[in-house]
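Report on one structure; see the data block that follows.
Any value given below was found using the heavy atoms of this structure, including those in side chains, with hydrogens, waters and symmetry copies removed.
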Protein chains: 4
Amino acid sequence: MPPSSPARAQSPPRVGPDEKRFRILEAARRVCTREGYEAATMEAIAAEARVSKGTLYNFFESKEHLFLSTVLQSYDEAEARFDGGPSEDPRVRLDGFLEAMIESFPHVAAGMMVNLQVWAVVSRDADSRTRMFEDLSQRYGRLGADLETTLSAGQRAGVFRPDFAAAAVAAGLLAVLDGYVYRSVFDPGRAGARDLRASFDALIRERVLVSGTEEGR
Amino acid sequence: MPPSSPARAQSPPRVGPDEKRFRILEAARRVCTREGYEAATMEAIAAEARVSKGTLYNFFESKEHLFLSTVLQSYDEAEARFDGGPSEDPRVRLDGFLEAMIESFPHVAAGMMVNLQVWAVVSRDADSRTRMFEDLSQRYGRLGADLETTLSAGQRAGVFRPDFAAAAVAAGLLAVLDGYVYRSVFDPGRAGARDLRASFDALIRERVLVSGTEEGR
Amino acid sequence: MPPSSPARAQSPPRVGPDEKRFRILEAARRVCTREGYEAATMEAIAAEARVSKGTLYNFFESKEHLFLSTVLQSYDEAEARFDGGPSEDPRVRLDGFLEAMIESFPHVAAGMMVNLQVWAVVSRDADSRTRMFEDLSQRYGRLGADLETTLSAGQRAGVFRPDFAAAAVAAGLLAVLDGYVYRSVFDPGRAGARDLRASFDALIRERVLVSGTEEGR
Amino acid sequence: MPPSSPARAQSPPRVGPDEKRFRILEAARRVCTREGYEAATMEAIAAEARVSKGTLYNFFESKEHLFLSTVLQSYDEAEARFDGGPSEDPRVRLDGFLEAMIESFPHVAAGMMVNLQVWAVVSRDADSRTRMFEDLSQRYGRLGADLETTLSAGQRAGVFRPDFAAAAVAAGLLAVLDGYVYRSVFDPGRAGARDLRASFDALIRERVLVSGTEEGR
DNA sequence: AATGAATGAGTATTCATTCAT
DNA sequence: TATGAATGAATACTCATTCAT
């Protein structure tokens, strides 16, 4: 027997607060993508989420907090996707990273303009900016450290070439991803997942793998 | 004898319209960098440029047009800086590109948030967005084609390794730059000119140059 | 027992949206009469109606729409008043028209400046002008046709003189009213309801009635 | 020999200040007719008159004064036209009045909206309103007195019917004219010079003239 | 918890007027 | 006398936020 009262069976299916919260976040993202941050009025977001304006304020303190949550959620999602997996073979692990990035590229690219605008707004308050940028910085730091560890492990194991600076390659790899995300905004024709893969191949895989290891096998 | 025309020596140093226009553009950039696009009121920009609000509208049709001009001007400046020079040696030419990028990196990074916010605002109008993004796309296209030409020439001349896809490296090179610009916004400590150079060295120079050519000389 | 519903007796007397709408229209009329259209700021109208500026925009799309509603409402009121009644005797019916006009003259005169200024503003947009003027034209047409019908009926019945052009008299009658309204703006001392009646008597009643019918009784 | 210096014969024909003043007044009238008072900017008037904005202020103290002059000039013109002429026959004199009104009707109608808007603006200042309305009131008073004198003279001379109140007819006559001017704004199809004449005939001429005097002669 | 009418601070833009040339 | 660039006061309108129901 379901926990909800049988007497309310005829009323419309009640949605839980988590689902409503999620609906609002998605609505905010959609409206902001379509119209831009300032043009994304609380009115429009409420309509898109099919709730009232007042309900928005039951879930989020303010417009700024709502969008901050939007951004933080998108970071969490991205981080979850970017986990290279538990493999112990550095080659497999690197490949996992790269493929995860290529796969999530369209989604990340689509959300970039929202994130950037929220940065701009949040940045007006020095404290918020510091907190948000520190959070981001740490996420990038963790990801970069993971990559660097993998690369170094591969070098020690002899499956990666010894003649590259692991840290510079790890940071460069992230930069290539971000650069493509950025370019995809205005030049989607030359900055798609396929192009990203080609650059990853040319600059990362072929640079890192011991000759003959992969291609010559 | 004063440098200005003797006939008007007694009048206060009048500024020409070009100088005033420039002052307004710089003021807009500064205020937007400090406060964000929406918080950069025409009032504040006028005060920063030490002109009246009305004068802003004598030079620019609207806030949007003012910031559009700001962005276009920054693109022109960047393009001028990124010219690799006329050398015929592909190695010298590539080096010219990379050094120009590293050198102008701080300036480009500083202007990024302004540009991105203006994108977001301009994008509300489909036509403006198309025009602006087409312009950007072409600038990137020209730069990428230049780089690719240089890389291919080096391959044909035997001074660059034959085993890389010139187009993918050219596009990746631009992506590395953009990625660092992006990261510098929230993580300046790990995304400075020095870090950019390290990634360029590891991913571009060492990937592209024939072993022994440069490092072994 | 209070006159309001007992169930809500304890809450403050809430005004319905219709009453608020009416209050705003009246406030707009008053302020515009006092200060003129341009000087009648939305701020001032809101204060006069004891609502906030935002509420004005909840009821009316724009200042122009607000005043357009003001004018249309005043036309409706005037038309309702100008109905000569259902009498079948043309003399009674004509008298009804004339008396209604004389009676509503002060009210119509008071609203004239507002209406004229709104015409001027609305006329900037060709479509709005066409619509508004067509509406007015039809109202005048209806009224003129009614009058003409009454006059002709009286002629056929032998209670009105046969030697006048009904259409020209009907149109002239309306013109006399409008002319007095117009003159009352700057010359109220010589353009009051009493003067209007005198001109109606001299130009309409004595012109139209068969000699001896009224004066000779 | 012309008063202007022969030595300037080759320069463009200089216009005198009176002509320039007139050009400005005409330009103001045209722009205000087209766009309305508030939308008639000093900029637009200057352009229409082919002078600079500064020159406007050399001739008129302010926008309000400029338009006040416009209106006063139009009154002077109208008054000059409405002079019935020096005839001693009341019938000829009345006819002169009526024909002058019919003839100048289109011009008066065309200028009405400008005058009304200027009234509205000038009225914001109580003193200006009083002055302007007093002026207008006196002009109407003079015209009405003239008409009344003519009508009374005709009655005493036996060429006009004895059974009408001369003052009420005189005032009514002016009202008919004004009423048609007013209606011509929104209903030009039914308020032209021809309609005005018909109403004048039906309400004034046929009311006033002794039967057989005119038509039967 | 949900609603949406009411609020009023905040801003881009206009335009009459001035004044240095 | 003529010009037109510069000025800044003034105002319609928006929208985040509140709160009575």
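- Of all heavy-atom pairs spanning D:C32 and D:Q117, the tightest one is SG-NE2, 4.2 Å.
- One atom, CZ of B:R50, and another, C1' of F:dT7, lie 16 Å apart when rounded to the nearest Å.
- If you take OH of B:Y57 and P of E:dA16, they are 17 Å apart, rounded to a whole angstrom.
- If you take CZ on C:F67 and CZ on C:F60, they are separated by 10.5 Å, rounding to the nearest 0.5 Å.
- By the 4.0 Å N-to-carboxylate-O rule, B:E26 lies close enough to B:R29 to be salt-bridged with it.
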#### Entry: Candidate pair D:E43 and D:K53, rule salt bridge (Lys or Arg N to Asp or Glu O under 4.0 Å), full reasoning
CA-CA 6 Å; D:E43 184 90 38; D:K53 243 185 305 180; 3.1 Å; yes
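- Distance A:L66 CG to F:dT17 C1': 14 Å, rounded to the nearest Å.
- Figure legend. E:dA16 is base-paired to F:dT7; pairs are counted as Watson-Crick or G-U wobble with both atom distances under 3.5 Å.
- Pairing partner, E:dT21: F:dA2, with both Watson-Crick or wobble hydrogen-bond distances short of 3.5 Å.
- When rounded to the nearest whole Å, the span between CG of B:L68 and C1' of E:dA12 equals 17 Å.
- Salt-bridge formation is detected for the pair C:R34/C:E48: a Lys NZ or Arg NE/NH1/NH2 atom is positioned less than 4.0 Å from an Asp or Glu carboxylate oxygen.
- The interatomic distance linking A:I24 (CD1) with F:dA16 (P) rounds to 15 Å, in whole Å.
- Nucleotide E:dG10 is matched to F:dC13 when pairs are restricted to Watson-Crick or G-U wobble geometry with both distances under 3.5 angstrom.
- Across all non-hydrogen atoms, the minimal contact from A:K63 to A:E38 is NZ-O, 3.7 Å.
- For the contact set between residues 25-45 of chain A and DNA chain E, defined by any heavy atom under 4.0 Å, there are no members.
- Rounded to whole Å, the distance from CG on A:L56 to P on F:dA16 is 10 Å.
- In this structure, CZ of A:R23 is placed 15 Å from P of E:dA1, rounded to the nearest angstrom.
- In this structure, E:dA1 forms no base pair with any nucleotide, since neither Watson-Crick nor G-U wobble geometry is met with both distances under 3.5 Å.
- Put simply, OG on D:S52 and OH on D:Y57 are 11.5 Å apart, with the number rounded to the nearest 0.5 Å.
- Closest of all the heavy-atom pairs between B:F59 and B:P17 is CE2-O, 3.3 Å.
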What N/O pairs connect the protein and nucleotides 4-6 of chain F at under 3.5 Å? Give each pair on its own line.
| unit_1 | atom_1 | unit_2 | atom_2 | d |
| --- | --- | --- | --- | --- |
| F:dA6 | OP1 | B:K20 | NZ | 2.6 |

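- Heavy-atom minimum distance, C:I24 versus C:I45: O-CG2, 4.3 Å.
- With rounding to whole Å, A:K63 atom NZ is found 8 Å from F:dC15 atom P.
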